Amino acid sequence: MKVCMNCHLTYDDQAQICAQCGGPLTQVVPQPVHVTDHTAEFDTADISANKVLAMVPYLMGWIGIVIALLASGTSPYAAFHVKQALKIQVCNALLGIIATVLAITIIVPIAAAVCILILGIINIICFFGVCAGKAKEPAIVCNLPFLK
């Protein structure tokens, strides 16, 4: 697809000049879209069989992550949710460390507490997503580069 930079009209790839203003057309390269809903990638039988195990990491934190890893076997659905819960728990731990180290200041522990509260809300949203049989990456932590 080509676009006129003056008129912002779109044309097919064969067009060379804008029909309205006569200006040159620029090739538009579509940007990759980051998909956060991976539900279609998992088998419905896997989702229904391992839904409870996928809930455990969101309910029990670190212990739930270990339990789900040990009990889920080879379930890709449970592994997906273990990975997402692990991202949330790592962020919680890092925020706790930062708040402890910089406890001398007042702003940093307050900001860390607000961020931990936000991560708690994201954790609850993820739990209800598992209840609905969804496999969505949690907001905020889905953009973090670790555990891809």
Side-chain angles (χ1 to χ4, degrees), residues 1-15 18 24-103 105-148:
M1 177 172 76
K2 291 187 177 181
V3 175
C4 176
M5 299 311 266
N6 298 329
C7 307
H8 302 291
L9 296 175
T10 58
Y11 295 94
D12 60 354
D13 289 335
Q14 290 78 24
C18 178
L25 300 178
T26 306
Q27 184 73 34
V28 177
V29 178
Q31 297 295 322
V33 178
H34 180 69
V35 178
T36 59
D37 189 356
H38 300 278
T39 308
E41 299 173 15
F42 299 104
D43 183 30
T44 54
D46 182 28
I47 292 173
S48 63
N50 294 297
K51 192 182 286 188
V52 174
L53 284 175
M55 291 178 194
V56 172
Y58 297 118
L59 289 174
M60 300 178 66
W62 291 104
I63 295 170
I65 290 170
V66 172
I67 290 170
L69 279 174
L70 294 174
S72 67
T74 59
S75 168
Y77 182 72
F80 173 83
H81 284 291
V82 166
K83 191 182 293 185
Q84 304 312 314
L86 187 60
K87 285 182 184 181
I88 294 171
Q89 291 304 317
V90 167
C91 290
N92 273 332
L94 291 175
L95 284 168
I97 291 168
I98 290 169
T100 304
V101 169
L102 299 174
T105 66
I106 295 173
I107 299 286
V108 173
I110 292 172
V114 169
C115 291
I116 289 172
L117 179 66
I118 291 169
L119 285 173
I121 292 168
I122 291 171
N123 201 27
I124 292 168
I125 292 169
C126 290
F127 172 77
F128 284 113
V130 173
C131 292
K134 300 290 182 189
K136 293 183 178 179
E137 293 182 46
I140 300 171
V141 296
C142 69
N143 294 325
L144 298 176
F146 66 94
L147 291 175
K148 286 286 180 187

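In this text the structure is predicted, and so the values were computed from the model without any measurement.
- The side-chain hydrogen bond (donor to acceptor under 3.5 Å, both in side chains) check on Q14 picks up nothing, with sequence neighbours excluded.
- Residues meeting the side-chain hydrogen bond (donor to acceptor under 3.5 Å, both in side chains) test with D12, sequence neighbours left out: none.
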Checklist entry - Passes side-chain contact (heavy atoms from CB on, under 4.5 Å), E41 versus F80? Steps please. => result CA-CA 11 Å; E41 299 173 15; F80 173 83; over 6 Å; no
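- Sorted by first and then second residue, the pairs that involve residues 52-71 and meet side chain to side chain donor-acceptor pair (under 3.5 Å), not counting sequence neighbours, are Y58-H81.
- Within the 4.5 Å cutoff, the side chain of P138 has no heavy atoms near those of the K87 side chain.
- S72 meets the side-chain hydrogen bond (donor to acceptor under 3.5 Å, both in side chains) test with no other residue; sequence neighbours excluded.
- The two residues E137 and C142 make their nearest non-hydrogen contact at OE1-CB, 3.3 Å.
- Listed by chain and residue number, V101 satisfy the side-chain contact (heavy atoms from CB on, under 4.5 Å) test with I97 (two or more places apart in sequence, or in another chain).
- Contact annotation: the side chain of Y77 never approaches that of D43 to less than 4.5 Å [non-hydrogen atoms, C-beta and beyond].
- F127 meets the ring-ring contact (aromatic ring centres under 6.0 Å, His included) test with no other residue; sequence neighbours excluded.
- Counting only residues at least two apart or on different chains, no side chain to side chain donor-acceptor pair (under 3.5 Å) pair has a member in residues 123-136.
- Checked by atom type and distance alone, the side chain of D46 never pairs as donor or acceptor with a backbone atom of F42 at under 3.5 Å.
- Scored by the side-chain hydrogen bond (donor to acceptor under 3.5 Å, both in side chains) test, T39 finds D37 as partners (sequence neighbours excluded).
- Scanning all heavy atoms of the two residues, the minimum distance from C131 to M55 falls at SG-CE, 3.6 Å.
- L53 is not listed as a side-chain neighbour of V82, based on a closest heavy-atom distance of 4.5 Å or more.
- Partners of I116 according to the side-chain contact (heavy atoms from CB on, under 4.5 Å) rule, which considers only residues two or more places apart in sequence or in another chain, are N92, L95.
- Annotation for I63: atom CD1 does not count as buried by contact number, only 12 or fewer foreign heavy atoms lying within 6.0 Å.
- For the atom pair SG of C115 and CD1 of I110, the computed distance is 12.0 Å after rounding to the nearest 0.5 Å.
- The side-chain heavy atoms of Q89 and I65, taken from C-beta on, include a pair separated by under 4.5 Å.
- When the side-chain contact (heavy atoms from CB on, under 4.5 Å) test is applied to I125, the partners found at least two apart in sequence or on another chain are I121.
- Side-chain atoms of C18 and L25, non-hydrogen and from C-beta on, do get closer than 4.5 Å to each other.
- Proximity of C126 to I122: side-chain heavy atoms (C-beta onward) are separated by under 4.5 Å at one or more points.
- Side-chain contact between I67 and V56 is present, with heavy atoms from C-beta onward closer than 4.5 Å.
- Proximity of V3 to Q27: side-chain heavy atoms (C-beta onward) are nowhere separated by under 4.5 Å.
- Atom CG of L70 has more than 12 neighbouring heavy atoms from other residues, nucleotides or ligands inside a 6.0 Å radius.
- Considering every non-hydrogen atom in both T26 and M5, the closest pair reads OG1-CG, 3.4 Å.
- In this structure, the side-chain contact (heavy atoms from CB on, under 4.5 Å) partners of T105, at least two apart in sequence or on a different chain, are L102, V108, P109.
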